[in-house]
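Here is the naming used below: chain letters follow the sequence lines, and residue numbers restart at 1 for every chain.
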Amino acid sequence: MLGVFVGMANYWLMKSEPGEFSIDDLKARPSKTEPWDGVRNYQARNMMRDEMKPGDQVFFYHSACEEPGIVGVMKIAGKPYPDPTAFDPEDKHFDPKSDRDNPRWFLVDVKFVRKLKRTISLTELKEHDALAEMVLVRRGNRLSVMPVSESDWKYILALE
DNA sequence: GCCAACGTTGGC
DNA sequence: GCCAACGTTGGC
């Protein structure tokens, strides 16, 4: 089902818990860029490694917080590369099965574009029949990285 | 904190 | 290859 979008999508959505890393944290970075590390799901990895291209636009989504929803826009800042946190035994995302000769996990750098004027909450997104096919609102989906169709992207920005 | 809906692991 | 047990995500 994801394959319908992947390959043609130039729009994405990426989740982060704001207590860990928020849109304001990204904005505050001197370079306004950040490596999107720690993703340990194969579908999400495959999208980052195989499908994302520099310049693609991304919704920043706050999850596991008071008001889950889309809070900003960022863009892919470079090509994918191996996630260095997988190699660090001290890191909470360390994976002994990933090594530098044969890396298992990949990431991309993302760059801040702008904050939305307001949070477009998950609750609100679910209220729009036009977005019913969106991966984000499909039942049971927990992917932290997902494609967004061009029509959904434009529809959501028009809600702002 | 609860729990549904996953994904992963490992015994067989 | 099956599937039970376990771990994680993330909304509520």
- For dC6(B), does OP1 or OP2 lie under 4.0 Å from any side-chain N or O of Tyr42(A)? no

- Query: Can Lys111(A) and Glu34(A) be counted as an ion pair, charged N to O under 4.0 angstrom?
  - Reply: no

- Is there a donor and acceptor pair closer than 3.5 Å between the side chain of Arg142(A) and the base of dT8(C)? yes

- Do you see a donor-acceptor pair shorter than 3.5 Å between the side chains of Thr85(A) and Arg40(A)? yes

- Query: On the ring face of Phe106(A), is Arg49(A) found with NZ or CZ under 6.0 Å from the centre and within 45° of the axis?
  - Reply: yes

- Measure from CZ on Arg40(A) to C1' on dG10(C) and round the result to the nearest Å. 19 Å

- If you check the Lys126(A) side chain, which of dG11(C), dG10(C), dT8(B) turns out closest? dG11(C)

- Task: May I have the distance from Asp95(A) (atom CG) to dG7(B) (atom C1'), rounded to whole angstrom?
- Result: 14 Å

- Query: What is the distance, rounded to the nearest whole Å, between atom CD of Glu20(A) and atom P of dT8(C)?
  - Reply: 14 Å

- Message: Which nucleotide wins on minimum distance to the side chain of Ser63(A), given the candidates dG10(C), dC12(C), dG7(B)?
- Response: dG10(C)

- Query: Is the shortest side-chain N/O distance from Lys15(A) to OP1 or OP2 of dT9(C) below 4.0 Å?
  - Reply: no

- Find the distance Leu122(A):CG to dT9(C):C1' and express it as a whole number of Å. 13 Å

- Message: Without decimals, in angstroms, what is the distance between Leu143(A) CG and dG7(B) P?
- Response: 8 Å

- Whole-Å distance, His62(A) NE2 to dT9(C) C1', equals 17 Å

- Closest to the side chain of Lys97(A), out of dT9(B), dG11(C), dT8(B), is dT9(B)

- Nearest-Å distance, CD (Gln43(A)) to P (dT8(C))? 19 Å

- Task: In whole angstrom, give the distance that lies between atom CD of Glu67(A) and atom C1' of dG11(C).
- Result: 13 Å

- Task: Answer with yes or no whether the side chains of Trp36(A) and Asp109(A) bring together a donor and an acceptor at under 3.5 Å.
- Result: no

- Item | Pair Arg118(A) + Glu67(A): basic N to acidic O under 4.0 Å | no

